[in-house]
Amino acid sequence: MSTFQSDFLNILSSRGYIHQCSDTAGLDALAKDRKITAYIGFDCTAPSLHVGSLVQIMLLHWLQQTGNKPIVLMGGGTTRVGDPSGRDESRKLLSVDDIENNKRGIQQVFARFLQFGSSGNDAAMVDNAEWLTKLNYIDMLRDIGRHFSVNRMLTMDSVKLRLEREHELSFIEFNYMVLQAYDYVELARRYNCNLQMGGSDQWGNIVNGIDLGRRMGTHQLYALTSPLITLASGAKMGKTASGAVWLNADMRSPYEYWQFWRNTEDADVGRFLRLFTTLPLDEVARLEKLGGAEINDAKKILANAATSLLHGAAAADEAAETARKTFEEGASAEGLPTVGVTLGEGLGILAALVQAGLASSNGEARRSIQGGAIRVNDEPVRDDKLVLGEALLKDGSIKLSMGKKKHVLLKPV
RNA sequence: GGGAGAGUGUCCCGAGUGGCAAAGGGGGCGGACUGUAAAUCCGCUGCUUUACGGCUUCGAAGGUUCGAGUCCUUCCUCUCCCA
């Protein structure tokens, strides 16, 4: 459905990034002339972003690729308030120190997807703490607050849902949308920003910004949101057994990241190739037609492409090779997650499982053994009193596995 | 300020007559089947050096009782109604 004049909207539309847009035609005209300066806000609620934010990052990526200017807005200020959108319960207020730490952790990932600099359509990174923390309460109420109707705020989904479900919504959270709206105006004034993008749950917040801009006399502002990405099975994307799929390499290794994509459900392969890789669409179309076991090849390509984008081609190749050795040859591979252990007099299997992170307690480890899930050097373990000693070392490590997919190398230190 | 109700296995929902490590479900993990998929079926899902044992769990603290998630008191948090 390539009905747009601009590369930007054509790509977004054909790859499945668009959920809602405030004025498609107006935006298309701007994009055609490469006159869009768009921002997306990222709150600093964790030390790393996770795959849930990847769609947003890709939006900025394509924006820049099509000649427009991206702004990454770090929510150093708004995170101190807390966004109630899409949440049933208020989250704990984070300390300012934590927020700053999180911000540093999050920032690093963008360099992989965007070209930063100070010329042309180089990307910029800004922190809304810069202006939000300087606001004075009375001045803010008079300058900004008077433009907001509480009647209307109460109808916003983020607020309405809390009220309907009879869940607490604190006053500080109630203010979040005001601050986000103001961010948009501030960015419009400072950087000539004219588009805010975000996940579909941000629609209300973004539109508030547009309204505020009109009342405060900015140029015309636009909104564009991406769909909430769920798995074909209906589950929210990005949560796995071991928690969120973090983007930072020190929180989730390239190998584990590769595995995450390798394990994509069949029904999601095509959609994910479009959203999370930059492969040409005709190639994607070919791959998603693969049926039966052949679709595994498509999943490998997805894993390679997605891992390359985030960690670089070398890391992706290495992860692919580790996976190939582990799963296709059944061998022990260097690239598997490694845990340092002290063998000394011998290490009990239960303790080893706990140290390797495969079990959270001795009891859980014992149950896993009783359930037949554990293997040492690919030999099934039935005895929970087994002691690991140096005799089991192979190439300097012991391969400890739980189930088919979880493998850890124990290395003596 | 007055009145009514609710908080259960630290992932979530949720039953619970004084004998309860506590029903059931979801989720998760493992196994079988496959293709490192989905669906389905089966097992496990508080801790504890392995124990028909011990310990710690039902918002918090006390109390009654041989014995308390269950009864009593006080407190905390949330919701609703009235002001």
Side-chain angles (χ1 to χ4, degrees), chain A residues 87-92 161-171 173 230-245 255-273 287-304 306-307 319-331 333 335-337 345-375 378 380-388 400-408:
Chain A
R87 317 193 111 248
D88 266 359
E89 291 167 23
S90 23
R91 54 173 106 218
K92 294 187 287 287
L161 289 175
R162 288 279 185 88
L163 295 179
E164 279 174 357
R165 293 183 192 171
E166 298 177 355
H167 281 131
E168 158 86 356
L169 175 73
S170 70
F171 182 66
E173 294 174 282
T230 54
L231 303 182
S233 56
K236 264 193 187 173
M237 186 183 176
K239 293 283 167 73
T240 68
S242 34
V245 181
Y255 167 73
E256 293 172 295
Y257 190 72
W258 193 93
Q259 279 294 313
F260 169 75
W261 294 106
R262 173 63 184 83
N263 285 305
T264 298
E265 294 174 27
D266 287 7
D268 289 324
V269 170
R271 195 161 49 108
F272 285 5
L273 280 166
L287 289 172
E288 72 179 330
K289 277 197 205 111
L290 295 175
E294 286 190 332
I295 198 158
N296 284 327
D297 293 333
K299 292 184 190 180
K300 288 178 197 168
I301 291 171
L302 168 63
N304 283 337
T307 308
E321 180 58 12
T322 299
R324 195 187 62 76
K325 276 188 184 157
T326 304
F327 290 96
E328 295 177 22
E329 288 181 10
L336 291 173
E345 312 270 302
L347 178 64
I349 182 71
L350 298 180
L353 285 165
V354 172
Q355 284 181 33
L358 295 177
S360 58
S361 67
N362 285 3
E364 191 181 313
R366 181 173 292 118
R367 283 192 297 271
S368 293
I369 290 173
Q370 282 160 359
I374 303 302
R375 277 161 296 138
D378 299 309
V381 175
R382 279 288 169 187
D383 177 9
D384 58 22
K385 280 174 294 194
L386 179 73
V387 174
L388 306 180
L400 188 59
S401 311
M402 177 161 85
K404 290 174 189 162
K405 294 185 190 174
K406 293 181 191 156
H407 308 279
V408 173

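In this text the structure is predicted, and so the values were computed from the model without any measurement. Per chain, numbering begins at 1; letters A, B, ... match sequence-line order.
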A:L386 CG to B:U50 P, in whole Å, measures 18 Å

Would you mind pulling out the nucleotide paired to B:U65, Watson-Crick or G-U wobble, both distances under 3.5 Å?
none

Identify whether any heavy atom of A:G292 sits under 4.0 Å from a base atom; if not, whether one sits that close to sugar-phosphate; answer base, sugar-phosphate or nothing.
base

Could you check B:C71 for me: syn (within 90° of 0) or anti?
anti

For B:G5, which nucleotide is its Watson-Crick or G-U wobble mate, given both distances must be under 3.5 Å?
B:C78

Using nucleotides 47-49 of chain B, report all nitrogen or oxygen pairs with the protein that are shorter than 3.5 Å.
from: B:C47; atom 1: OP1; to: A:S361; atom 2: OG; distance (Å): 3.0
from: B:C47; atom 1: OP2; to: A:R367; atom 2: NH1; distance (Å): 3.3
from: B:C47; atom 1: OP2; to: A:R367; atom 2: NH2; distance (Å): 3.3
from: B:U48; atom 1: OP1; to: A:N362; atom 2: N; distance (Å): 2.9
from: B:U48; atom 1: OP2; to: A:S361; atom 2: OG; distance (Å): 3.4
from: B:U48; atom 1: OP2; to: A:G363; atom 2: N; distance (Å): 2.6

Could you state the atom-to-atom distance from CD of A:E265 to P of B:A39 in whole Å?
7 Å

Would you measure the distance from the P atom in B:U8 across to the matching atom in B:A60 and give it in whole Å?
10 Å

Rounded to whole Å, how long is the line connecting atom CG of A:D384 with atom C1' of B:C44?
15 Å

Nearest heavy-atom pair of A:I349 and A:D383: which atoms, and what distance?
CG2-O, 4.0 Å

Distance, rounded to the nearest Å, where A:N296 contributes CG and B:A37 contributes P
8 Å

Looking only at atom C1', what distance separates B:G62 and B:C52, rounded to whole Å?
35 Å

Atom C1', compared across B:G7 and B:U70: separation rounded to whole Å:
15 Å

NZ/NE/NH1/NH2 to OD/OE distance under 4.0 Å, A:K300 and A:E328
yes

Expressed as a whole number of Å, how far does the C1' atom of B:U74 sit from that of B:C11?
32 Å

Rounding to an integer number of angstrom, what distance separates B:C71 and B:G54 when you compare their P atoms?
27 Å

Considering every strand and a 4.0 Å limit on heavy-atom distances, what is the contact class for A:A351: base, sugar-phosphate, or nothing?
nothing

Pick one for B:A51: is it syn, with its angle within 90° of 0, or anti?
syn

From A:N263 atom CG to A:K405 atom NZ, the distance as rounded to the nearest 0.5 Å:
3.5 Å

For nucleotides 30-33 of chain B, tabulate all protein N/O to nucleotide N/O atom pairs closer than 3.5 Å, reporting atom names and distance.
none

Name the closest nucleotide to the A:R262 side chain, picking from B:A37, B:U50, B:U36.
B:U36

B:A4 and B:C41, which share atom name P, separated by this distance in whole Å
48 Å

Please tell me if the side chains of A:L302 and A:L287 come closer than 4.5 Å, counting only heavy atoms from C-beta onward.
no

Atom CH2 of A:W261 to atom P of B:A37: distance rounded to whole Å?
17 Å

Which heavy atom in A:A298 sits nearest to a heavy atom in A:V269, and how many Å separate them?
CB-CG1, 3.9 Å

If you compare all heavy atoms of A:Y255 against all heavy atoms of A:A319, which two are closest, and at what distance to 0.1 Å?
CA-CB, 3.8 Å

So do the side chains of A:L358 and A:I374 get within less than 4.5 Å of each other, counting heavy atoms only?
no

Nearest heavy-atom approach of A:K404 to A:F327 is O-CE2, 3.3 Å

Judged by each residue's nearest nucleotide on RNA chain B, which is more toward the 5′ side, A:K385 or A:K299?
A:K299

Report the base-pairing partner of B:U40 (Watson-Crick or G-U wobble, both distances below 3.5 angstrom), or none.
B:A32

Taking atom P in both B:G28 and B:U65, compute the distance separating them and give it to the nearest angstrom.
48 Å

In this structure, how many angstroms lie between the P atom of B:A37 and the CD1 atom of A:I301, rounded?
18 Å

What does B:A15 pair with, Watson-Crick or G-U, if both distances are under 3.5 Å?
none

Here the distance between atom C1' of B:C44 and atom CG of A:L353, to the nearest Å, is 15 Å

Test your reading of the model: is there a side-chain donor-acceptor pair from A:R375 to the backbone of A:G403, 3.5 Å cut-off?
yes

Heavy-atom nearest pair, A:W258 first then A:A323, reads CZ3-CB, 3.3 Å

Could you identify the nucleotide paired to B:A21, looking across every strand shown and requiring Watson-Crick or G-U wobble geometry with both distances under 3.5 Å?
none

Electrostatic pair A:E321-A:R324, nearest N-O below 4.0 angstrom:
yes

Which one is paired to B:U50, where only Watson-Crick or G-U wobble pairs with both distances under 3.5 angstrom count?
none

Using the C1' atoms only, state how far B:A32 lies from B:A68, rounded to an integer number of Å.
44 Å

Using a heavy-atom cut-off of under 4.0 Å over every strand shown, decide if A:Q259 touches base, sugar-phosphate, or nothing.
base

Search all heavy atoms of A:R271 against all heavy atoms of A:D268 and return the closest pair with its distance.
NH2-OD1, 2.8 Å

